[in-house]
8 protein chains.
Amino acid sequence: MALDEVTITRAILAEQLRILMEHLELDVGVVGGGPSGLVCAALVAERGKSCALIEKKLSVGGGMWGGGMMFPRIVVQEEARRLLERFDISYTEQAGNYFVASSVEAVAKLTAAACDAGVEFMNLTTVEDVVIKESGRVSGLVINWTAVEMARLHVDPLTISCRFTVDATGHDACIASLVERKTGAIRVKGERSMWAERAESQVVHHTKEVYPGLIVTGMAANAVAGEHRMGPIFGGMLLSGEKAAQLILERI
Amino acid sequence: MALDEVTITRAILAEQLRILMEHLELDVGVVGGGPSGLVCAALVAERGKSCALIEKKLSVGGGMWGGGMMFPRIVVQEEARRLLERFDISYTEQAGNYFVASSVEAVAKLTAAACDAGVEFMNLTTVEDVVIKESGRVSGLVINWTAVEMARLHVDPLTISCRFTVDATGHDACIASLVERKTGAIRVKGERSMWAERAESQVVHHTKEVYPGLIVTGMAANAVAGEHRMGPIFGGMLLSGEKAAQLILERI
Amino acid sequence: MALDEVTITRAILAEQLRILMEHLELDVGVVGGGPSGLVCAALVAERGKSCALIEKKLSVGGGMWGGGMMFPRIVVQEEARRLLERFDISYTEQAGNYFVASSVEAVAKLTAAACDAGVEFMNLTTVEDVVIKESGRVSGLVINWTAVEMARLHVDPLTISCRFTVDATGHDACIASLVERKTGAIRVKGERSMWAERAESQVVHHTKEVYPGLIVTGMAANAVAGEHRMGPIFGGMLLSGEKAAQLILERI
Amino acid sequence: MALDEVTITRAILAEQLRILMEHLELDVGVVGGGPSGLVCAALVAERGKSCALIEKKLSVGGGMWGGGMMFPRIVVQEEARRLLERFDISYTEQAGNYFVASSVEAVAKLTAAACDAGVEFMNLTTVEDVVIKESGRVSGLVINWTAVEMARLHVDPLTISCRFTVDATGHDACIASLVERKTGAIRVKGERSMWAERAESQVVHHTKEVYPGLIVTGMAANAVAGEHRMGPIFGGMLLSGEKAAQLILERI
Amino acid sequence: MALDEVTITRAILAEQLRILMEHLELDVGVVGGGPSGLVCAALVAERGKSCALIEKKLSVGGGMWGGGMMFPRIVVQEEARRLLERFDISYTEQAGNYFVASSVEAVAKLTAAACDAGVEFMNLTTVEDVVIKESGRVSGLVINWTAVEMARLHVDPLTISCRFTVDATGHDACIASLVERKTGAIRVKGERSMWAERAESQVVHHTKEVYPGLIVTGMAANAVAGEHRMGPIFGGMLLSGEKAAQLILERI
Amino acid sequence: MALDEVTITRAILAEQLRILMEHLELDVGVVGGGPSGLVCAALVAERGKSCALIEKKLSVGGGMWGGGMMFPRIVVQEEARRLLERFDISYTEQAGNYFVASSVEAVAKLTAAACDAGVEFMNLTTVEDVVIKESGRVSGLVINWTAVEMARLHVDPLTISCRFTVDATGHDACIASLVERKTGAIRVKGERSMWAERAESQVVHHTKEVYPGLIVTGMAANAVAGEHRMGPIFGGMLLSGEKAAQLILERI
Amino acid sequence: MALDEVTITRAILAEQLRILMEHLELDVGVVGGGPSGLVCAALVAERGKSCALIEKKLSVGGGMWGGGMMFPRIVVQEEARRLLERFDISYTEQAGNYFVASSVEAVAKLTAAACDAGVEFMNLTTVEDVVIKESGRVSGLVINWTAVEMARLHVDPLTISCRFTVDATGHDACIASLVERKTGAIRVKGERSMWAERAESQVVHHTKEVYPGLIVTGMAANAVAGEHRMGPIFGGMLLSGEKAAQLILERI
Amino acid sequence: MALDEVTITRAILAEQLRILMEHLELDVGVVGGGPSGLVCAALVAERGKSCALIEKKLSVGGGMWGGGMMFPRIVVQEEARRLLERFDISYTEQAGNYFVASSVEAVAKLTAAACDAGVEFMNLTTVEDVVIKESGRVSGLVINWTAVEMARLHVDPLTISCRFTVDATGHDACIASLVERKTGAIRVKGERSMWAERAESQVVHHTKEVYPGLIVTGMAANAVAGEHRMGPIFGGMLLSGEKAAQLILERI
């Protein structure tokens, strides 16, 4: 078959536009493609909600790819083992009820599950601002290409609307920090020193709606709450993503 | 259960060392985690060969994540549709027998398949040199942390051995270029201008053993052969990865 | 009237896609938005040809904005005065039959004229490669976002087709250089030292089809021909753009 | 006619000096060449006031060139449609009474109109400081080459006087911020989160003289007032520029 | 004997892992390889305590290598002469009871002594955080590769535990500052202006346990205490390292 | 005793000047402070020759500090074990007659030995050029501060004379390359691919006087000879430094 | 005569050391080589005081070289004309009793005069800190090579003593700011907006001893006092330097 | 007297324009403000020729400010002593008939002499190209602001004419290299290794007209001739500048 470059271009543009137009008004906008964001997105999409995951980098997965100090393994405790199994991530058991998995496999399997559930990925995209109108609720995300920011170009953003926004941006808690700066209505307390046990046990507790329409999850949840830092262990993050999905599904 | 940071650290180090020690002498070392590298690695590992995929970045997937001009879609032609299906990548059909898939899903599914097949991923790792001894064959890879190079530190590399090395590094054809520079025995001709039809139809043909022990695949194969540039279409790359795996399985 | 951010986003995306889809197969692709490119694009579009001007920067106008050494004035000689008048650019006359205009006005008026003629502008867009197939003719342009290159991201390009390509990229003669590197069929000799009189008198002469489908204009024409460098004077560039348009209109 | 480089140099220097000397004591100094600055400058110059527009970049137009997320289209609402027509900018109508125009054409036409009205452009020029004497009024601008700042050279500035200064520098509100820092007499509250409807409806209201001799317009007006952020829509900015011109013409 | 690259790699990995596993639970973690850190580490290890010295750079020695203004000599006063002798550092005597030594020799001899005493060096390693649990005591160090930070990669750290941590990081007092930021329980006052005599006489006094489990030494001790800056003289730093070792040996 | 900052300054300057003046006319100038340079310098100084080691970085030791891939261990084979013992470097024995030592200890002990032998260290110093007069012999080194080069300042160098110069600058073979570029009389062939066994067995052979007055050692010797690259093993480098010292002692 | 590079090196080192040793205990240390610093240094040295001028750049002259906006002319008013004449700087008279001189000539003549008066120049030297002992007086300067800071090297400084220190570092008022930060005893208010007349008339008034042993001059004097910014006019700076010299000569 | 900022601005612009207009057609254009350029410019201007010195940096003096390795002293041999005296540069005599002067004084006095002789300085100015017309003679210089190049702006240059051009740009021999690249008629051989005696004795010999209208002097003369490098000694450069002036005065 003869290949035609312009037809290929047309196919990409047409398909992308069609999908993008369908995702300008979302049920859920998840910001940040680390483990808690991926789990949350997969679970809400699986239940039929329209969901996009907005990731500022080229690839999703965040810091999980690198394991601990570039040794590409992650550790999960007993409580979260069922999530490894749910997402088909293989593991070995170590002394002390720890389960070690390949960090690369973990990212691939969580992402694949989110794709299968119907999550639309907007990678290379930065959230510059949120929309808050008279209702005093986060009702939209102001997005731009990350490349525009990296290249220090002056280009205006566009806007999508979301019934719920999930801040899964890690310890910077970017969206909660934006809301803090713009409204003063919440306070991002910042992570305290590392104390894995406590941080792991509290992260699900801190996963909550911190401002109307805005749910925080994973390290962002702990950072908003002023909780201790999580150790190099991912169980709490997976469980927190699950909790975030539950909170949304209850409200929507 | 009480969590202990040091136990977690110990678990990561012990597991990583165990696996690393098992992968110092490989059947196949695939360099570069783009589509052809992932396919090749998955297929040889599936057949029980020990295989590591060495990727210099934090994440695998290469340029595939960004689709075309940051519109995260990829196009595959009819000939390669069966590979989409084999790797469980969903697609829609467009006019002219083109199949459009999500670029994010494509990366995730290929990576997941490679993991399931038993490929060991060494990400954040750069190949500095190859081992060529009196046999005149590429018999090992000299590796270092990418971070060392990025931080411009002066730190020596380590070495692993491979019965076969696959250069899946894209149009730079890094490994073939290293062999060209060190031995003068091969020549990397470089890509010619874009002509998608021809490049797609030739890439499987150019996938070959260009030096004893060294197989080139994907854009690297076309770059070595002085072939035209491939359009924004991924069928040829998937097929080339499959061909590379076949060549190795025939020889090993 | 109530304003809705998502409706605005939708309006921009829909309109842009509609126009882009209409401009994937062009009569003329002009690369570079300096004076000769703008004149050429305006004149071919005025005659009903579909034409896009591809500019790698955020703004068109190139070096013309800055006049000479940041003094924002440009000089035009008698021969090109009629083009100032044609594009409604005001000027004052100086001793020796030189006409001095505001460099800002010159950019604005040439760009406005091109818009009125129906030229579609693709700014922030880089040409990475050309399409040359078995016909041995430049038949398309491989484009990407400039921001992708500036941010050193690895993202694949898309392709548009053009019956004629105009290289108006200045003394780098980027498109001609690409063709030189990929085919070896032409040679870009490079500018010689400055000699304004000769360069001005020859630039129209050097404006020609240097490879099937590729016309060079302005400083790019002189650079390909190994002509002397043009002084801080813009008459020759305007006349060269006019000549390029004529060459295309004769052939199309 | 023989061309002489030195005569050309002499023509540029003489003409530029003549014009510059006429613009050291201005009626109006507009700082920032985005849409509100261009409209304001065009309208005051049209009424015979001496006016210079000082722009720190090489080109005027600001963020308007890039449309929304590099899709080069801008949207204007019904209230500002007459300004599109006044400046001869073509548009198409979209659902919901939105009018979409080419961002490139918009910049070109606004700039051309300002040139025709007699505005003098000082591009590549940064405002380092303002002159405030015993009268407690902004009575001059301290300017330098932007290139000097970019090259981190230590070179002193020069000064021009203005009866009125217009801060059209966007959401940084550079001139108002300078006055805040130097006098403490005003406060720049900063933009709040995005809420296009409210921001658009208030920007004309916030366009005012915030300190004797200093008028804020466009995004700078909203930033000083602590107003919500404007969506990717330009009607309010055009209307704000018109209002700024009216305020000056009433006072001068 | 035939050399085998993979055997060498295996030897390095196996030996390093063995030693690392033995040093995950330390008696003493010294952070910073300048003179006071080296002296402290050497003295505690000499008494049989397990001790690692964590240094963020490739080499230990800190600012001592460069002497004063790149003249590679250091000065020690009478009180510390015995430490020069203890570590076998040769010197000459100058007027006024000052002893001048080679800065290179000083680093080499202190490091050699620490090695002989059994200190394990973790160079190229950054301390990102500390572990503080319910006991309110610094009980561990959260470490990462310095190269990861220099290359701006997003990779998670690992953790080691220490009964005592020594902050020997110089005037930044990095560990004390971390504890200040995370707990608010101590205050790092910062260095005052230079006054060598006073600073030298007080540095031993300021060497103390400033938070449970955390001892400060050398310039870090003076920085925490708000003491004057030390002159280009190293006696106080050596004595402070000795004091830090004594404090630990009393408590352990 | 009262401390006086100026007296300390005076002591450093006076002592440094005295020593520097004694080292402007050297028997041996060793360039590069890696293992072969340190061994060579220690051995010639031990025999009473005046010797300076010129190192461009702040610290000596070169790449040895980082071991292999930042695991701070080095490997030495049987042939060089006696040099570990001679320099009092402790080691453990691994399978296959390899001896593993701490990379930090190795640097410290070699440096300490060189100091004890009377080598003068000029660290932070770059060699910009060599002196070659009518005799056609390298008779001096043109030196400058490394900081001057790093800060891109324009400052002239100074010159010292050496009866013999040792190029111990690693695989760049900086001094041999300078001589190649300036005289054309020698040729630096560059390293070939890695082959540890051969490289180790040949490095002592390649350690020779390649130009009158210039001896190459370690990786520089192999790079000049076009030899294969050395593995992550240091025995050959130690032996090569010993050979370089012998060659000089025979000639001087 | 035969030239010998080592003899030249020896001559430079010996002469520089001799002079440096004579300048470690100064009557006056002037920091900053702009116009006020040069005038002050010249006048105190002329009266036989030992004086060094410490300049962080390679060349003295500061911002004066570039005139106004890179037009290399400076303006002086009537009151300071006698200083132009005293330092033999030629000028032309312009309307309004302004005197215009070449900025290059001004730097050269002021520097030449300082040299003739016996000022010792320490260029490429940064002041890192001041010495303040129990007397509560600035009694010394802690200096380092600027190149060390530019190259981000970690190297310790040296110290010189001064009976008086002059802060002539311009509007940053570096030395006064150091004293403010270290003691809290003075306050640097910062420059207000430009108002040339007032700033010129007040700068001599603000030239004073702001802390025991520390005199501020030129723009630093105005910055400490919170005075308005000086216009592009140098009379006040020359007069301020003269005043600073008088204050010192009265006290010494 | 009341000061007015705009009057000052006007004075600078008017005076600068007047002088610049007088210097667009020069007898001599000296490029590079190091010692040989300054001497040459001073001597031709003293004889009444119109002469401008074009310097790309903010300050003239080049590498002379920094002496040798930042020790600010220069050495001159007996033959050039009379030039020190002619330019009123004080010196001390060292063993071996060397004369040591302050490098700062040397720059200041040479520059002051050039100013007194009537040389016009164009600092912050880069020579981008030369004018060579049918006569085959360098007849003009194409200049731009250095800041434009440093800020990577795209701005066109202006042109001045010169009867003679002097390349005093140091070992890069920038102007000769431009002529080599554009015409191929001359060859710049590049400096050989350091040999002070020979280089000093030959530099006057190599000072010559290497292309019609172009005279090379100082290090540029030696670089063109492929001569040895000059030591840290300035006599030859002063004598070469004198010779360049003589060559011009003979021809003009």
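Just so it is clear: chains get the letters A, B, ... in the order the sequence lines come, proteins before strands, and each one is counted from 1. The shown structure was predicted, so the numbers you read here are calculated from the model rather than taken from an experiment.
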Measuring from atom [atom1] of [X] to atom [atom2] of [Y], what distance do you get when rounded to the nearest 0.5 angstrom?
{"X": "E/D129", "Y": "A/R229", "atom1": "CG", "atom2": "CZ", "answer": "5.0 Å"}
{"X": "A/M194", "Y": "E/I132", "atom1": "CE", "atom2": "CD1", "answer": "12.0 Å"}
{"X": "A/M70", "Y": "E/D156", "atom1": "CE", "atom2": "CG", "answer": "13.0 Å"}
{"X": "A/W195", "Y": "E/S135", "atom1": "CH2", "atom2": "OG", "answer": "8.0 Å"}
{"X": "A/E197", "Y": "E/K133", "atom1": "CD", "atom2": "NZ", "answer": "6.5 Å"}

Engaged part of [X] at the chain A interface, taking heavy atoms whose separation is under 4.5 Å:
{"X": "E/V130", "value": "both"}
{"X": "E/V131", "value": "both"}
{"X": "E/I143", "value": "both"}

Other residues, nucleotides, ligands: >12 heavy atoms within 6.0 Å of E/R18 CZ = yes
In sequence, state the C-alpha distance, the side-chain angles, and the governing distance for E/R181 and A/E191, and then conclude on salt bridge (charged side-chain N to carboxylate O under 4.0 Å, His left out).
-> CA-CA 10 Å; E/R181 203 163 62 245; A/E191 274 185 352; over 6 Å; no
May I have the step-by-step check of side chain to side chain contact (heavy atoms under 4.5 Å, CB included) for E/L158 and A/F71, ending in yes or no?
-> CA-CA 10 Å; E/L158 292 175; A/F71 303 119; 4.1 Å; yes
Comparing E/S139, E/G140, E/P157 against chain A, the one with the most heavy-atom pairs below 4.5 Å turns out to be E/P157
